[in-house]
Asks: 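Before I ask anything, let me first share the structure, which is written out below as C-alpha cells.
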Amino acid sequence: MRVLIDECVDRRLGRELGSHFVRTVQQQRWSGMADGRLLFRAQDEFDVLVTTDRNLPRQNRVADYRIAVIVLSARSNRLGDLLELVPALLARIERAKPGEVVELRAAPAG
C-alpha cells in the first residue's frame, strides 16, 4: 500500500510500516496545504493518509475522496506514544478502503 504520513505525525513512524511505500507530506512538498486540498492531491498517489488530526474527518467529507484516512489517537504526537499503535495501524492499512475513516486509540494511561 502507498501511505502518506501527515505533517502532524512524527516522520520516523514511517520506518515502522514495513514494506509499504511511505512518504511524508513534507517529502511531497505539500506542507501547510489545507486538508481538503491535501486529500484531493493525495488521492491519486496514495491509498492511505495517516494523521493525528482528529478534526480532519470532521471538517472534510472523506467519503468523497479515493483515499482512506487513519487517525491515530495516543497520549501525544510523540513517536514513543504512537509506537504502541503500530500493530493496529499495520493491520488497518492492509484493509483500508477509499473514503473510509478509521480512528485507532491507544490504551488509557494508568
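All residue numbers refer to positions in the sequence shown, counting from 1.
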Asks: How close do Leu85 and Ala106 get, counting heavy atoms only, and between which atoms?
Replies: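 Between these two residues, the closest heavy atoms are CD2-N, 3.6 Å.
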Asks: Using 0.5 Å steps for rounding, measure from the CG atom of Leu83 to the CZ atom of Arg15.
Replies: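 With rounding to 0.5 Å, CG (Leu83) is 10.5 Å from CZ (Arg15).
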Asks: Treating Asp47 as the side-chain partner and Ala96 as the backbone partner, does any N or O pair qualify as donor plus acceptor under 3.5 Å?
Replies: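 Between the backbone of Ala96 and the side chain of Asp47 there is no qualifying donor-acceptor contact (under 3.5 Å).
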Asks: What is the distance from atom CG of Leu79 to atom CG of Leu13, rounded to the nearest 0.5 Å?
Replies: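 Taking CG in Leu79 and CG in Leu13, the distance rounds to 6.5 Å.
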Asks: Quick one: list whatever passes side chain to side chain donor-acceptor pair (under 3.5 Å) with Arg105, sequence neighbours left out.
Replies: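 Arg105: side chain to side chain donor-acceptor pair (under 3.5 Å) contacts with Glu103.
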Asks: Is the Phe21 ring parallel, tilted or perpendicular to the Phe46 ring (thresholds 30°, 60°)?
Replies: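 Rings of Phe21 and Phe46: parallel, under 30°.
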Asks: With a 4.5 Å heavy-atom cut-off, do His20 and Glu94 have their side chains touching?
Replies: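 A side-chain contact under 4.5 Å exists here.
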Asks: Side chain of Glu7, backbone of Gly32: donor and acceptor closer than 3.5 Å?
Replies: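 Yes; at least one donor-acceptor contact below 3.5 Å.
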Asks: Is any side-chain heavy atom of Arg23 closer than 4.5 Å to a side-chain heavy atom of Glu45?
Replies: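 Not in contact.
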Asks: Check whether any side-chain N or O of Arg11 sits under 3.5 Å from a backbone N or O of Val25 as a donor-acceptor pair, and report yes or no.
Replies: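 It does not hold such a pair.
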Asks: What's the spacing between Thr24 OG1 and Arg29 CZ if we round to 0.5 Å?
Replies: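 It is 10.5 Å, given to the nearest 0.5 Å.
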Asks: Once you round to the nearest 0.5 Å, how far does CG of Asp35 lie from CG of Asp6?
Replies: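 Spacing of CG (Asp35) from CG (Asp6) equals 7.0 Å.
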Asks: With heavy-atom distances below 4.5 Å as the criterion, would you say the side chains of Leu90 and Leu17 are in contact?
Replies: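 Leu90 reaches Leu17 side chain to side chain.
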Asks: Within this structure, what is the CG-CD distance for the pair Leu72 and Glu84, rounded to the nearest 0.5 Å?
Replies: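 If we round to the nearest 0.5 Å, Leu72:CG and Glu84:CD are 10.5 Å apart.
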Asks: Per the side chain to side chain donor-acceptor pair (under 3.5 Å) rule, what does the pair list look like for residues 60-70, sequence neighbours excluded?
Replies: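 Listed once each, the pairs are Asp44-Arg66, Arg61-Asp64.
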Asks: Can you tell me how far the CD1 atom of Ile93 sits from the CZ atom of Arg2, to the nearest 0.5 Å?
Replies: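 One gets 13.0 Å once the value is rounded to the nearest 0.5 Å.
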